[in-house]
There are 2 protein chains.
Amino acid sequence: MSRETPSGDELLAVLAALASPHRLRIVAALAEGRSYVSALARRLRMNRPLLYMHLQKLEAAELVVGTLETAPDGSSVKWFDLAPFALTLTPQTIAAAVPTLTVPGQKDEDSQ
Amino acid sequence: MSRETPSGDELLAVLAALASPHRLRIVAALAEGRSYVSALARRLRMNRPLLYMHLQKLEAAELVVGTLETAPDGSSVKWFDLAPFALTLTPQTIAAAVPTLTVPGQKDEDSQ
DNA sequence: CCAACCTGTCAGCATTATCTGACAGGGGGG
DNA sequence: CCCCCCTGTCAGATAATGCTGACAGGTTGG
């Protein structure tokens, strides 16, 4: 679901999710194929709970999809797939998204 | 200079710079035309030193250009212009940028 | 001299984000 | 039983950000 014009909040969520070296690396790793938490932790050499947290942030931003696959025997593995996203960052796309940012009281008044 | 393939660090810098509601709003405001610190602070209703800091971050990421214009009489105003940027965010572009991230020791080893 | 406009910089506080080790619980198998 | 694999969650330490009021210094104009 590569949206044309994301809402301000969605845009912000995606940006915040990607603004981290760890999470960028996670995305890059998943671009080569699905994986699961423990394997990824070994591969990227990072603490598992830490990776877990980062994956949750990516998932919250809908950049990644995690599915807990419980085998017939009962053992479970949580697979993570990269969501196919694509967004363009330009002054125009940002200006278009900003008005829909939900925050307290902010208004435009004078210019110049 | 809308780069085709930004380095990992550049990408990260831009993402980090934009991952803030304030800074998104600043970019949107500047998209309507140049302005200077005090005027922008009034317009966006935010603390001037705070805005100043955000502008510096945007400038560091090269999303914004500030020029201190000292009039012939000596009074000075620092104008900020939006830099014409454009970058596309997809799993591919990210995967392409990640290998050039400069951080301590990280390597890829096994997969799956 | 005082007021109003501008820029730039600080110390210090408040709030988030990041990161770690440890734990609980679920599955196999030897 | 013990050992190894997996998931998920916590408290708590540490580091990074965000934010504020106040100050110094420059100019113009009444």
Side-chain angles (χ1 to χ4, degrees), chain A residues 12-26 34-61 64-81 101 103-106 110-112, chain B residues 9 12-27 34-61 64-81 101 103-106 110-112:
Chain A
L12 183 57
V14 170
L15 289 173
L18 290 179
S20 150
H22 275 162
R23 290 193 288 268
L24 282 182
R25 245 189 303 273
I26 293 172
R34 61 179 357 209
S35 185
Y36 57 96
V37 191
S38 296
L40 253 190
R42 281 191 293 269
R43 174 146 175 230
L44 300 178
R45 295 215 167 75
M46 67 170 90
N47 206 299
R48 195 177 53 86
L50 180 58
L51 172 65
Y52 192 85
M53 183 203 60
H54 285 308
L55 280 172
Q56 282 189 131
K57 293 205 172 184
L58 287 172
E59 194 173 17
V64 133
V65 178
T67 46
L68 182 58
E69 226 158 77
T70 305
D73 57 5
S75 64
S76 49
V77 174
K78 185 159 193 180
W79 290 95
F80 279 91
D81 288 271
L101 268 177
V103 221
Q106 106 273 171
D110 88 60
S111 45
Q112 157 78 216
Chain B
D9 293 338
L12 182 56
V14 170
L15 289 173
L18 290 179
S20 148
H22 275 163
R23 292 194 286 269
L24 282 182
R25 226 171 279 124
I26 292 172
V27 168
R34 62 181 354 210
S35 186
Y36 56 96
V37 191
S38 297
L40 252 189
R42 281 192 293 269
R43 175 146 174 234
L44 300 178
R45 295 214 168 75
M46 69 171 86
N47 205 298
R48 194 176 53 83
L50 181 57
L51 172 65
Y52 192 86
M53 182 203 61
H54 285 308
L55 280 172
Q56 281 189 132
K57 293 203 172 183
L58 287 171
E59 194 174 17
V64 133
V65 178
T67 47
L68 182 57
E69 225 157 78
T70 305
D73 56 6
S75 65
S76 48
V77 173
K78 184 159 192 179
W79 291 95
F80 278 92
D81 288 89
L101 269 177
V103 220
Q106 106 273 174
D110 88 63
S111 47
Q112 165 75 219

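Chain naming here is simple, since letters A, B, ... match the order of the sequence lines and numbering starts at 1 in each.
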Measure the spacing between CG of A:D81 and CZ of A:R34 and express it to the nearest 0.5 Å. 4.0 Å
Within this structure, what is the CD-to-P distance between B:E69 and C:dG8, rounded to whole angstrom? 13 Å
Think B:K57 has a side-chain N or O under 4.0 angstrom from the OP1 or OP2 of D:dG18? yes
A:R25 CZ - C:dT18 C1' separation (whole Å): 14 Å
Rounded to whole angstrom units, what separation is found between the CE atom of B:M46 and the C1' atom of D:dT20? 14 Å
Is the phosphate of C:dT7, meaning OP1 or OP2, less than 4.0 Å from a side-chain N or O of B:Y36? no
How long is the line joining CG of B:L55 and C1' of C:dT7, in whole Å? 12 Å
Taking only side-chain N and O atoms of A:S75, does any of them lie within less than 4.0 angstrom of OP1 or OP2 on D:dC5? no
Is there a donor and acceptor pair closer than 3.5 Å between the side chain of A:R48 and the base of D:dG8? yes
To the nearest Å, give me how far apart CZ (B:R45) and P (D:dT20) are. 15 Å
Just how far, in rounded Å, is P of C:dT7 from CD of B:E59? 13 Å
Roughly how many Å is it from OH in A:Y52 to P in D:dC6, rounded to a whole number? 15 Å
OP1 or OP2 of D:dC19 sitting under 4.0 Å from any side-chain N/O of B:H22? yes
Any chance you could measure A:Y52, atom OH, to A:K57, atom NZ, to the nearest 0.5 Å? 14.5 Å
Tell me whether the OP1 or OP2 atom of C:dA17 has a side-chain N or O from A:R23 closer than 4.0 Å. no
CG (B:N47) and NE2 (B:H54) are apart, to the nearest 0.5 Å, by 10.0 Å
When the distance from CE of B:M53 to C1' of C:dT15 is rounded to whole Å, what number comes out? 13 Å
Taking the nucleotide of DNA chain C with the closest heavy atom to each, which residue, A:N47 or B:F80, is nearer the 5' end? B:F80
One should read off an interatomic distance between A:L58 CG and A:M53 CE, to the nearest 0.5 angstrom, of 9.5 Å
Side-chain N or O of B:K78 less than 4.0 angstrom from OP1 or OP2 on C:dC6? no
Is the phosphate of D:dT7, meaning OP1 or OP2, less than 4.0 Å from a side-chain N or O of A:S38? yes
On DNA chain C, compare the nucleotides closest to A:A16 and B:L68; which residue's is nearer the 5' end? B:L68
Between A:P49 and B:L50, name the one whose nearest nucleotide on DNA chain D is closer to the 5' end. A:P49
Counting just side-chain N and O atoms, does B:H54 come under 4.0 Å of either OP1 or OP2 of D:dT17? no
Treating B:R23 as the side-chain partner and B:A17 as the backbone partner, does any N or O pair qualify as donor plus acceptor under 3.5 Å? yes
